[in-house]
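Beneath this line is the structure, given in structure tokens, with notes to follow.
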Amino acid sequence: MSAPGQAPSAGYAAVFVHEDVPTAEVDRLEALHRPLADSVRDLVDATIRTTVEDEEVRAVRAEVDALVARLRARQLDGPAGVRYNAEGRTWSWGNAVVGERNAVAPPLEVVRDPDGLVHADTVLGAAYEGPPGMVHGGVGALLLDHVMGVAASAHQRVTLTGTLTMRYVRSTPLGPVRVEARIEREEGRKVFVVATLGDPDGVTVEADGVFIVPRWAV
Ligand SMILES: CCCCCCCC(=O)SCCNC(=O)CCNC(=O)[C@H](O)C(C)(C)COP(=O)(O)OP(=O)(O)OC[C@H]1O[C@@H](n2cnc3c(N)ncnc32)[C@H](O)[C@@H]1OP(=O)(O)O
């Protein structure tokens with residue numbers, strides 16, 4: 001997605017929603033909603049790990065249902081989508097990996113170094129488990145796909161995942177993980193990206209992918 005102050009590429013106009021909201025207001029709303037998503041993420045973890053009595057589970061459920069009803073009092077008709085304003089600020093609050101309002105997102109903060117390396121660090125807890133104590137293979141693929149997509153979309157262009165190949169070298173324990181991705185080479189509209197997922201002891205998953213600048217974005 002575009003950094004503040006940079007215009008989105010032309011293809012954005014077709015599928016991304018332009019909204020006439022000043023960047024300061026987008027920032028304010030983001031700061032308001034992010035802590036709510038953090039709390040809901042905490043709720044998910046607590047829901048998995050709680051050992052409280054049956055009655056307490058029922059009581060908490062009633063309270064959560066009441067909170068959901070309050071939030072639904074006014075809501076969008078569909079998903080949050082990807083939006084941008086005239087200043088080139090983009091936001092995708094529902095994104096499954098980085099959405100600031102999405103408690104399902106780990107969340108990931110993706111950083112792009114000047115040398116082209118794109119990386120992200122996060123801590124994966126009980127909600128991301130596959131094998132006992134280990135990160136679900138699909139969750140690893142999810143994080144890799146996103147960070148590789150960011151690497152491929154350098155220079156503010158739109159790219160979509162075409163093919164993604166993963167080699168699971170060893171299990172990834174739940175806990176701190178790091179994703180790294182960089183562009184290996186480009187051929188026309190095809191961007192070849194290599195990436196790794198790892199824990200503090202080193203690489204656990206190696207990935208390579210072909211990301212395509214779609215015909216409609218050219
Ligand atoms: C910054 C935010 C980062 C977010 C990252 C998140 C990444 C995602 O999750 S994206 C969502 C998952 N991906 C999708 O939904 C994509 C669905 N597929 C499509 O939309 C289309 O098939 C798309 C865009 C990949 C290709 O369509 P189109 O632009 O018409 O390509 P087309 O003209 O047929 O082919 C162009 C070239 O790409 C190649 N190509 C096409 N599809 C693929 C593919 N799936 N894998 C590999 N190569 C492909 C073609 O062979 C062709 O190569 P060449 O130029 O050498 O002949």
Side-chain angles (χ1 to χ4, degrees), residues 1-19 23 26-27 30 34 37 78-85 87-122 124 128 135-168 177-197 205-218:
M1 301 303 160
S2 301
Q6 290 173 300
S9 60
Y12 271 74
V15 291
F16 299 76
V17 179
H18 177 263
E19 244 189 64
T23 296
V26 178
D27 291 344
E30 215 165 85
R34 192 185 289 122
V82 182
R83 294 158 193 268
Y84 65 97
N85 66 13
E87 298 159 58
R89 168 74 151 90
T90 61
W91 60 103
S92 46
W93 287 335
N95 183 283
V97 183
V98 295
E100 285 85 352
R101 289 173 62 165
N102 188 350
V104 170
L108 218 59
E109 262 188 48
V110 185
V111 178
R112 184 193 299 278
D113 289 347
D115 68 355
L117 180 72
V118 176
H119 53 93
D121 292 276
T122 192
L124 297 176
Y128 303 101
V135 176
H136 194 293
V139 170
L142 173 73
L143 302 192
L144 280 159
D145 181 29
H146 187 90
V147 177
M148 292 169 82
V150 173
S153 64
H155 318 302
Q156 318 310 322
R157 65 187 164 192
V158 176
T159 60
L160 294 177
T161 316
T163 299
L164 203 54
T165 307
M166 239 97 41
R167 181 181 169 86
Y168 292 86
V177 297
R178 180 178 177 85
V179 187
E180 292 187 353
R182 65 166 66 249
I183 293 174
E184 187 187 47
R185 67 182 199 284
E186 300 189 24
E187 284 171 23
R189 286 192 282 122
K190 292 181 292 189
V191 186
F192 295 81
V193 179
V194 290
T196 57
L197 171 72
V205 186
E206 296 166 343
D208 57 83
V210 189
F211 290 75
I212 318 285
V213 179
R215 198 186 299 263
W216 55 257
V218 176

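Counting starts at 1 for both ligands and their atoms, in listed order.
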Checklist line | Spatial distance of atom CG (L108) from atom CG (L142) [nearest 0.5 Å] | finding: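 Answer for the CG-CG pair, L108 versus L142, is 9.0 Å.
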Next item on the list: State the CZ-OG1 distance between R178 and T196, to the nearest 0.5 angstrom.
Entry: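 So the gap between those two atoms works out to 8.5 Å.
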Item checked: Check: T161 N/O within less than 3.5 Å of ligand 1 N/O ->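 Min N/O separation from ligand 1 is below 3.5 Å for T161.
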Item checked: Distance-minimising heavy-atom pair for W216 and V158 ->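 Minimum heavy-atom separation between W216 and V158: CH2-CG1, 3.7 Å.
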Item checked: Partner residues of E19 under the salt bridge (Lys or Arg N to Asp or Glu O under 4.0 Å) criterion, sequence neighbours left out ->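 With neighbours one apart ignored, the set is R83.
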Check: Which ligand 1 atoms does G162 reach within 4.0 Å, using its non-hydrogen atoms?
Finding: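 Numbered from 1, ligand 1 contributes 44 (C), 45 (N), 46 (N).
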Next item on the list: For S153, take its heavy atoms, then give the atoms of ligand 1 lying under 4.0 Å from any of them.
Entry: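 Listed by number with element: 1 (C).
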Next item on the list: Answer yes when R34 and E109 have at least one side-chain N-carboxylate O distance shorter than 4.0 Å, and no when they do not.
Entry: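 Looking at E109 together with R34, the answer is no, because their closest N to O distance does not fall below 4.0 Å.
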Taking [atom] as the point of reference, which of [options] owns the nearest heavy atom?
atom: atom 53 (O) of ligand 1; options: K190, R157, R189; result: K190
atom: atom 47 (C) of ligand 1; options: T163, V98, D145; result: T163
atom: atom 19 (C) of ligand 1; options: V110, T90, L160; result: L160

